[in-house]
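See below for the structure under consideration.
Below, chains carry the letters A, B, ... as their sequence lines are ordered, and counting in each starts from 1.
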There are 2 protein chains.
Amino acid sequence: MKQRKKQPVQTRSAILEAAGSEFSRKGYSGAGLGPIVASAGLTKGALFHHYPDKRSLAVAWATDSLAAAMESLWLTPLGGVASLDAFRSLSRARCMELQPDDATSTLVAITAETAAADPVLAAALDAVFSAWKSAISSLLERGKAAGWIHRSIQPEAEAAFYVAVFSGFTVTTKASPGESVRRTCATALEAYLETLRAQ
Amino acid sequence: MKQRKKQPVQTRSAILEAAGSEFSRKGYSGAGLGPIVASAGLTKGALFHHYPDKRSLAVAWATDSLAAAMESLWLTPLGGVASLDAFRSLSRARCMELQPDDATSTLVAITAETAAADPVLAAALDAVFSAWKSAISSLLERGKAAGWIHRSIQPEAEAAFYVAVFSGFTVTTKASPGESVRRTCATALEAYLETLRAQ
DNA sequence: TCCCATACCGACCTCACGGTATGAACGCAA
DNA sequence: TTGCGTTCATACCGTGAGGTCGGTATGGGA
């Protein structure tokens, strides 16, 4: 029988990558398992061997792929921010490179679609959101301690606001994918960040 | 044969209302036509007589029901705003009464889900977004003319930011439906609006 | 009154979806 | 080498999805 070498790790990552691509373009309900395994060059037998059902696949994708993307896209860069200007330029960069099918946009879209109907998947997605929010909150804490964030700022509340703002950007970017909208968002976001500056 | 009186107008509105409820809970792909017609007390025959397919139903829902909800929820109240304090209290009210299945949240969720894959539906949803944005933009224009909005404010850009921010709120509200999150969002939103005040 | 377009019903069709059953190839352990 | 659990392919199933179709009631216009 035609059969590839046994590579469970590569197989899982191939499935998750294909699933992420499908989720980002079609949403959770719209995504089909057929296209996913086809895109991964596999079959349903392999899929259902590693994941018992579609929901579990989505949860694994959220806790693995999506969390990793959040790490490299946001958490690590945010951890290196040591000034408000650095925070500004990072925010502008992430804003300008926003695309309808990137990790942040997909996180927002899948959350909006499934949060009410699927508590399990919602919890996995919320963990990614929470990590994002925490990274910003601790950044603001550091800024307050270092003196480049205003004393009266409440880090957690402001972090929640930042995450909400950027989540909104992902939606408006999808609605009108032109660069002008992203530039407007980036500028407005920088203006907001300026209100956090000490003095 | 058991048959109701011919009431095409009421039938269409019943279908659109049921469709809106289904879309708000399941998303576009997740929504089924069976539950919609059942909830409306009708049959598929009636549905497909008025709308040729699911996509057309969604478009009609967006251009009719959703636009009407946008009108009463936002456009009309925004048109009556004549001070920054009034804008603030309206924003806070809309923020505090946010629910995962209301019109604004559904608009955002369906847009995030279908914008990339369905240009026709996306256009209909974008029209609702544009109306929302325009109402805020013209409000800011009026505020500048009346002197309660700062001269340096760019109405269109700020309106786009406001819409994005509130869109983000609908997502984070879905992720954590507690009242505390909404209160945090409302307060942060008011703080942002305060930066628009003249002087 | 008759007529006919419209509104609606109800049964049915097709098909793609998520999911299952079975078993073959692989690789490690002994 | 043998044995056995893991990994994956192939073939298949049941269900519910979107959508179709013939037919029947309705009601306004001629």
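Side chain of A/E141 to backbone of A/P155: no donor-acceptor contact under 3.5 angstrom is found. Between the side chain of A/S105 and the backbone N or O of A/D101 there is no donor-acceptor pair closer than 3.5 Å.
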Taking only nitrogen or oxygen atoms into account, show me every contact under 3.5 Å that the protein makes with nucleotides 17-20 of chain D, one pair per line with its distance.
| residue | atom | partner | partner atom | Å |
| --- | --- | --- | --- | --- |
| D/dG18 | OP1 | B/A31 | O | 3.0 |
| D/dG18 | OP1 | B/K54 | NZ | 3.1 |
| D/dG18 | OP2 | B/L33 | N | 2.7 |
| D/dG18 | N7 | B/K44 | NZ | 2.9 |
| D/dG19 | OP2 | B/K54 | N | 2.9 |

Output one line per pair: protein atom, nucleotide atom from nucleotides 14-16 of chain C, and distance, for all N/O pairs under 3.5 Å.
none

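Listed pair B/T11 / C/dC8 meets the phosphate criterion, a side-chain N or O lying under 4.0 Å from OP1 or OP2. Contact between the side-chain N/O atoms of B/H49 and the OP1/OP2 oxygens of C/dC8 is not found at any separation under 4.0 Å.
Residues A/L90 and A/L84 share a hydrophobic cluster, clusters being chains of Ile/Leu/Val/Met/Phe/Trp/Tyr side chains in contact below 4.5 Å.
When the P atom of C/dG27 is taken as reference, atom CD of A/Q7 falls 9 Å away, rounded to whole Å. The nearest whole Å value for the distance from the OH atom in B/Y51 to the P atom in C/dC8 is 11 Å. Rounded to a whole Å, the CD atom of A/Q10 is 16 Å from the P atom of C/dC26.
Look at A/R197 and A/E194 and you find a salt bridge, because one of the NZ, NE, NH1 or NH2 atoms lies within 4.0 Å of a carboxylate O, short of that distance.
Side-chain atoms of B/T187 and B/R92 include a donor-acceptor pair closer than 3.5 Å.
Sorted by first and then second residue, the ring pair (Phe, Tyr, Trp, His ring centres under 6.0 Å) pairs involving residues 175-199 of chain A (not counting sequence neighbours) are A/F161-A/Y192. Identified under the ring pair (Phe, Tyr, Trp, His ring centres under 6.0 Å) test for residues 36-64 of chain B, with sequence neighbours left out: B/F23-B/W61.
Ring orientation note: the planes of B/Y162 and B/F166 are close to parallel, at an angle under 30° on the 30°/60° scale.
For the segment residues 16-27 of chain A, the set of residues with a heavy atom within less than 4.0 Å of an atom of DNA chain D is empty.
Taking CG of B/L107 as the start and OG of B/S24 as the end, the distance is 12.5 Å to the nearest 0.5 Å.
Counting heavy atoms from C-beta on, the side chains of B/K133 and B/E156 never come closer than 4.5 Å.
Take A/T104 and apply the side-chain hydrogen bond (donor to acceptor under 3.5 Å, both in side chains) test, not counting sequence neighbours, and it matches A/W74.
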